[in-house]
There are 2 protein chains.
Amino acid sequence: MESEAKKLKKIGLKVTPQRLAILQRIKGDRTHPSAEKIYHEISQKFPGISFATVYNTLAKLVEAGEIQELDIDPNKKRFDPYTSLHYHFYCKTCGKVYDVDFDVSLTPNIQKIAGHQVEAIQLNFKGVCKDCAKR
Amino acid sequence: MESEAKKLKKIGLKVTPQRLAILQRIKGDRTHPSAEKIYHEISQKFPGISFATVYNTLAKLVEAGEIQELDIDPNKKRFDPYTSLHYHFYCKTCGKVYDVDFDVSLTPNIQKIAGHQVEAIQLNFKGVCKDCAKR
DNA sequence: TTGGATGCAAAAGATTTGCACTCCC
DNA sequence: GGGAGTGCAAATCTTTTGCATCCAA
């Protein structure tokens, strides 16, 4: 069985062609695509898939912790298939989101902060990226 | 002259009653209100102010660095009148945004990261807050 | 006087929802 | 067979924009 199907079963979701297409599309993607971009690209290979299905599936994958939802682009949600702790840089000129390797004393296993139960940590840098700065 | 008016002049904006009302409304506010909330509350004391004016003014204040725009609430932009480096916790149950004091080895003067020019840093924690966890 | 600011309403985007139909388990 | 999943379109919510009018400097 494909690993994508396994992943879906593991988190209690039914295996459908649409969901497999979504998982395969975002697998290994380091560009942090938006839901719209994911939908748009999938619908070329999988005509007829609906926006709602993409949205619903992404939401369920996020909830299950299979993918990460980034709050870094002020205009829309961005998604990241890599869930291990790492950070991001958002270019306010071109809108690209870059992965960032940066040594921060952030233990990935913070459980509580000021009494609040922590489930996710995001460290976001914003500015102008290397490429855009050249212009 | 009031300090709010000074602030506006300093960043090259005309002093208008609407802008003064906006500045006074958000001054000292630690609840990280959304633009809609700011608009709604101001319009009670200042009937007739328009949404566009609130949005435009907030955008200009952010651009000038007088206030901070938070990318932490997946549903809308939140604003913070405190611009010094501090962190936030977002409760996904009630939607509140809390200030967080947490010692991280994040020097506030990071200029470049992987060649990208850094202008702002946000460290966001997400989960369920103390109050919501009780229920 | 004059360019920036405002108010209004419409438009644009992103996301969600309701519902009938479909198909995975 | 039954309930979750899908597709479609409409609805909702947030944010932006165009434009005529207004007013701070």
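Note: hydrogens, waters and symmetry copies are ignored here, and every other heavy atom, side chains too, is used. Each chain gets a letter, A, B and so on, in the order its sequence line appears, and its residues count up from 1.
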Closest heavy-atom pair and its distance - [X], [Y]:
| X | Y | value |
| --- | --- | --- |
| A/Ala35 | A/Val54 | O-CG1, 4.1 Å |
| B/Ser3 | B/Lys27 | OG-NZ, 4.3 Å |
| A/Ser34 | A/Lys76 | CB-CD, 3.6 Å |

Using a cut-off of less than 4.0 Å, is there contact between a side-chain N or O of [X] and OP1 or OP2 of [N]?
| X | N | result |
| --- | --- | --- |
| B/Thr16 | C/dT6 | yes |
| A/Thr53 | D/dG7 | yes |
| A/Gln18 | D/dG7 | yes |

Rounded to whole angstrom units, what separation is found between the [atom1] atom of [X] and the [atom2] atom of [N]?
| X | N | atom1 | atom2 | answer |
| --- | --- | --- | --- | --- |
| B/Leu70 | D/dT15 | CG | P | 12 Å |
| B/Glu63 | C/dA5 | CD | P | 12 Å |
| B/Tyr39 | D/dT16 | OH | P | 16 Å |
| A/Asp73 | D/dT15 | CG | C1' | 13 Å |
| B/Glu4 | D/dA24 | CD | P | 18 Å |
| B/Ile49 | C/dT6 | CD1 | P | 8 Å |
| B/Leu61 | C/dA5 | CG | C1' | 14 Å |
| A/Lys37 | C/dG13 | NZ | P | 18 Å |

Exercise for the section: Any chance you could lay out the side chain to side chain contact (heavy atoms under 4.5 Å, CB included) test for A/Val62 and A/Phe79, step after step, and finish with the verdict? Expected result: CA-CA 9 Å; A/Val62 169; A/Phe79 296 89; 3.9 Å; yes

Problem - Test side chain to side chain contact (heavy atoms under 4.5 Å, CB included) applied to A/Thr57 and A/Gln18, step by step - result: CA-CA 9 Å; A/Thr57 298; A/Gln18 291 89 337; 6.0 Å; no

Exercise for the section: Rounded to 10°, tell me the angle between the two end axes of the helix from C/dT1-D/dA25 to C/dC25-D/dG1, each built from five pairs. Expected result: 40°

Provide a list of protein-nucleic acid N or O atom pairs under 3.5 angstrom, restricted to nucleotides 14-19 of chain C.
residue : atom : partner : partner atom : Å
C/dT15  : OP1  : A/Lys77 : N            : 2.9
C/dT15  : OP2  : A/Tyr55 : OH           : 2.3
C/dT15  : O5'  : A/Tyr55 : OH           : 3.0

Completion exercise
Of the candidates D/dA25, D/dA24, C/dC25, the side chain of B/Lys9 sits closest to D/dA25

Exercise for the section: Return the orientation label for the A/His116 and B/Tyr98 ring planes: parallel under 30°, perpendicular over 60°, tilted otherwise. Expected result: tilted

Practice task
Mark yes or no for whether B/Arg78, through its side chain, and B/Ile72, through its backbone, hold a donor-acceptor pair below 3.5 Å.
Solution key: no

Practice task
Working to the nearest 0.5 Å, report the span between NE2 of B/His86 and CZ of B/Arg30.
Solution key: 5.0 Å

Fill in the blank from the handout: One should read off an interatomic distance between B/Cys94 SG and B/Tyr90 OH, to the nearest 0.5 angstrom, of 8.5 Å

Exercise for the section: Check each of A/Asp80, A/Asp71, A/Asp73 against A/His88 using the side-chain contact (heavy atoms from CB on, under 4.5 Å) test, and report the only one that passes. Expected result: A/Asp80

Problem - Residue pair A/Lys77 / B/Pro74, side-chain heavy-atom distance below 4.5 Å - result: yes

Exercise for the section: With the side chain counted from C-beta on, respond yes when A/Glu66 and A/Ile11 share a heavy-atom pair under 4.5 Å apart, and no when they do not. Expected result: yes

Is there any protein nitrogen or oxygen under 3.5 Å from a nitrogen or oxygen in nucleotides 2-4 of chain C, and what are the pairs?
residue : atom : partner : partner atom : Å
C/dG3   : N2   : B/Lys14 : NZ           : 2.9

